[in-house]
Protein chains: 2
Amino acid sequence: MTELQRRPTLMDVAEAAGVSRALVSIVMRGAPGAAESTRQRVLEAARQLGYRADSRARLLRSSRTKLLGLIFSTSHPFHAEIVDAAYAEASARGYEIALSAVANGRPEARAIETLLDVGAEALIIIAPTLSVDDLALHARQVPVVSLLRDNVGDLVDSVSSDDDAGIAIAVDHLVGLGHRRIVHVDGGAAVSSDRRRETYRSEMIRHGLQAVVVPGGPGEEDGMGAGRILQANLPTAVIAFNDRSALGIMESFRAAGISIPADVSVLGYDDSHFAKLSFVQLSSVSQDAPLLAAAAVGRAVDRIEGEKLPGSVVRTPHLVLRKTTARAPAETRTS
Amino acid sequence: MTELQRRPTLMDVAEAAGVSRALVSIVMRGAPGAAESTRQRVLEAARQLGYRADSRARLLRSSRTKLLGLIFSTSHPFHAEIVDAAYAEASARGYEIALSAVANGRPEARAIETLLDVGAEALIIIAPTLSVDDLALHARQVPVVSLLRDNVGDLVDSVSSDDDAGIAIAVDHLVGLGHRRIVHVDGGAAVSSDRRRETYRSEMIRHGLQAVVVPGGPGEEDGMGAGRILQANLPTAVIAFNDRSALGIMESFRAAGISIPADVSVLGYDDSHFAKLSFVQLSSVSQDAPLLAAAAVGRAVDRIEGEKLPGSVVRTPHLVLRKTTARAPAETRTS
DNA sequence: TTCTTCTTCTAGATCGTTCTAGTCGCACTA
DNA sequence: TAGTGCGACTAGAACGATCTAGAAGAAGAA
C-alpha cells in the first residue's frame, strides 16, 4: 500500500500508448513529427502514469536541461526579492531555476558545484565574491552571469545597477533639498561598498562639498554603530550603504531623540521590503530587483542559446521618496 | 585558446592507464578490488587528464542522487535560517540539498515538480500549504517530510515545534510576571495560526483568565493594525503570532507613546534574526531553527535509507527572554 | 503505372557511468 | 593431480533519455 512504485519511464508510456519510445520522446519534447491524434494519446498516457522526464538521462544524452542555476545568500533579504523575480522571468523564457544558497559554512564554490551537478546550463550569481580568475574558470564550462557586481572580467557577463548613478542621484537629491553636510556610512567589506564610497566622494567634490565617510557595514548593527558615531557631530543628511544599515542608523538616532527628517535626513539603498513598511517609510535608492533579475535571466538564456552580445548590462536605479528625507534644517543651511 | 574542450571520460583515463573502464570506475570510487600499484597508475592518469566524474551519468546508473529537496518561501525570513541549518546537517550526512522556492506566482506544486525533475530523493517542505491528499500523492513517489506543520496524514513525516508547549510557555511566563490581561494577536491565514490561537485560549482558561484574540496576520503591517486596535483597551501583555507581527505591534505602541515593557509586555514567536538586534531585543519563543532543520534532514535521510520510524518528531520550543517582557504594571495587578 | 515527396513512425546506437557475471592466474589443500 | 578459493581484472549489459537513419504509407505528379 505504502510501497514506492518505480518512477515511470519513456518505455512505460510508450507501451501504454502503443507507440515507440522515440515517438514518446518527440511528443514530450514538443518536437515536430507526430500526428496530432497520437500526440494526444501519448500525452494522455503520460498524464495517467504521472510520467516525468528524468533530467539526468536527458542531460546525459542531449546536454540540455533547461535549467538555470541561481546562487543567492541566505543572509541577504534583498536577494529573496531577486529570486522571486527570476522565477517569473525564467518561466516566461521556458526555463526552470535551480537554486543554491551561500550559507554559513557553505562557500560560493560549493554552491556552484551543486548547481553544475544538477545540470544547470548557466550560472547566475548574485553579488559573487569569487575572484575574477575563479569566475573565469567556471565561465569556461558554462555561461556565467554576475548580478550586482560588474567588475568580473571578460568571460563572464554582468548585470548590475549603476552604483555611480545611484549615489549621484542620492547626493543630487539631498543637495537639492539644501543639505551641505551629507555623510556616507559605508558598507565595509560588502560587495559594492568601495564603488559607492568613491562615487560618493567624487560627487561631493563635484558639488563643492566636503565628503565624510563613516565606517559601517551591511547589517543593522553596523548602522547602529555608525549612528552613534554620527551623533557626536550630527550632519544634516546621511546616505546609508543599504536599507538595513539605514535602519540601524535611524534606530540609534531615535534612541538619542534625534528626529528624522526634521533634524537629519536618512537615505537608504535597495528599496527593500523593509523600506516600504508603513512605520518605516524609508526613502531609498531602488535597484529594481525584478528588472535586474529579468535582465540577468535574459542574458543567461541568450548565452545558452548562442547569442553573442556585449558582456554587461547596466541599469540606472531610481529614487523612491518616502518620509525620511526633507529640506535641510534652516540653521545649517545658512551656516 | 578559449575553446571548450570535451571533458575527459572514464574511457580516456582507461586508455591512458592501459586498463578497462570498469577498473577505472572501481579506483575512482575507492571501491575495493584493485591492486595498489594499478590504483596509483590510474589515479595518476586521471590527474594528468584532469578527469572529473560526470555526476549525471553516475547517478543515472546508480539511481542515487544523494539530493534532498528543500522547499521554502521567499517571503518568510525565518525560512532562510532553516535553509542555512539544513545545508550543514545534510552535508554532515553526506547529502546535498536542492532548493526550490515558493514565490509570487509560483505555487508549491511547481516547486515540488522542479525538485523531482532534478532527482531529489526526498522532499522537505517548510510549512506546506498543500492538502493532506496532495501531500500523500507525492509521498507515494518519494519520502516527504513536513517541517513546521504536523497535521499531514499518515504517509508523510512531520518535524514540528510543539506549538501547544510554545504558547503554554509564553502564557506561563507572562502569568508568572503577574499579568492577567494577556491578549493574543493571531496569524490570520498563516499555517499554525489556528493551533496557536486555540492553545492560547485553553491556556488562558486553565489559568482562570479571560482570553482575548485580536485578528492579525504574519506580517509587520498586520501587527501594526492589531496594535492600533489594542490601544483602545490596552492589555498588560500581548503574545504575537510571530516576530514580524510583534514588530508591527511594537511600532504602533511606540507611535502612541506606549512604552514597552513598562506599560505593556510584548512576546514574539520564532526568535528570528530581527528579535536579536540590539535595538529590538524582543523576547520570543524560539523554535530553534537549526535543531528543527537537522531533525527534518535526519528524518528524510533515514527514510531514504529505509529506516522505518514513527512519523512525527515534535520538538519543544523554549523562551528567549530579552527586554520586551517585564512584570505587569502595579495598578493592573491590583485591579 | 512509377517516381517523388511528405508525414508519421520506429529500430538501434549513443551519452558516461555502474553493476553483474564472469575469466584468468596463482597458491593452497587433500 | 584435481579441486577450491581468492585477488585482480574485464566484457558487456544496464540506466533513461535523445538522435540518426531509414521504413511505411499516403498523396500528388508525370
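Within every chain, numbering begins at 1; the chains are lettered A, B, ... in the order of the sequence lines, protein sequences first and strands thereafter.
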(request) Answer yes or no: is there a side-chain heavy-atom contact under 4.5 Å between A:E96 and B:D117? (result) no

(request) Provide, to the nearest angstrom, the distance between the CE atom belonging to B:M11 and the P atom belonging to D:dG12. (result) 12 Å

(request) Report the C-alpha distance between B:V297 and B:V301 in whole Å, list the side-chain angles of each, state the deciding distance to 0.1 Å, and finish with yes or no for side chain to side chain contact (heavy atoms under 4.5 Å, CB included). (result) CA-CA 6 Å; B:V297 167; B:V301 171; 4.3 Å; yes

(message) Using whole Å, what does the distance between atom P of nucleotide D:dT10 and atom CG of B:L10 come to?
(response) 13 Å

Are there any protein N/O atoms within less than 3.5 Å of an N/O atom in nucleotides 9-15 of chain C, and if so, which ones and at what distance?
unit_1, atom_1, unit_2, atom_2, d
C:dC9, OP1, A:T38, OG1, 2.8
C:dC9, OP2, A:A35, N, 2.8
C:dC9, OP2, A:T38, OG1, 3.0
C:dT10, OP2, A:S20, N, 2.8
C:dT10, OP2, A:S20, OG, 2.9
C:dG12, N7, A:R21, NH2, 3.1
C:dT14, O2, A:R61, NH1, 2.4

(request) May I have the distance from A:R29 (atom CZ) to D:dA17 (atom P), rounded to whole angstrom? (result) 12 Å

(request) Apply side chain to side chain contact (heavy atoms under 4.5 Å, CB included) to the pair B:D163 and B:D150, showing each step before the final yes or no. (result) CA-CA 10 Å; B:D163 275 343; B:D150 63 354; over 6 Å; no

(request) Only one of A:L99, A:I82, A:V102, A:I124 passes side-chain contact (heavy atoms from CB on, under 4.5 Å) with A:F72; say which it is. (result) A:L99

(message) Please report the distance, rounded to the nearest Å, between CE in B:M28 and P in C:dG16.
(response) 16 Å

(message) What is the distance, to the nearest angstrom, from the CZ atom on A:R58 to the C1' atom on D:dC15?
(response) 16 Å

(request) Measure from CG on A:L59 to P on C:dT17 and round the result to the nearest Å. (result) 12 Å

(request) Please check if any side-chain donor atom of B:S100 sits under 3.5 Å from a side-chain acceptor atom of B:R106, or the reverse. (result) yes

(request) Rounded to the nearest angstrom, tell me the gap between atom CG in A:L49 and atom C1' in D:dG16. (result) 15 Å

(message) Is the shortest side-chain heavy-atom distance between B:L148 and B:Q287 below 4.5 Å?
(response) yes

(message) Return the pairing partner of D:dA30 with a 3.5 Å limit on both distances, Watson-Crick or G-U wobble; otherwise return none.
(response) C:dT1

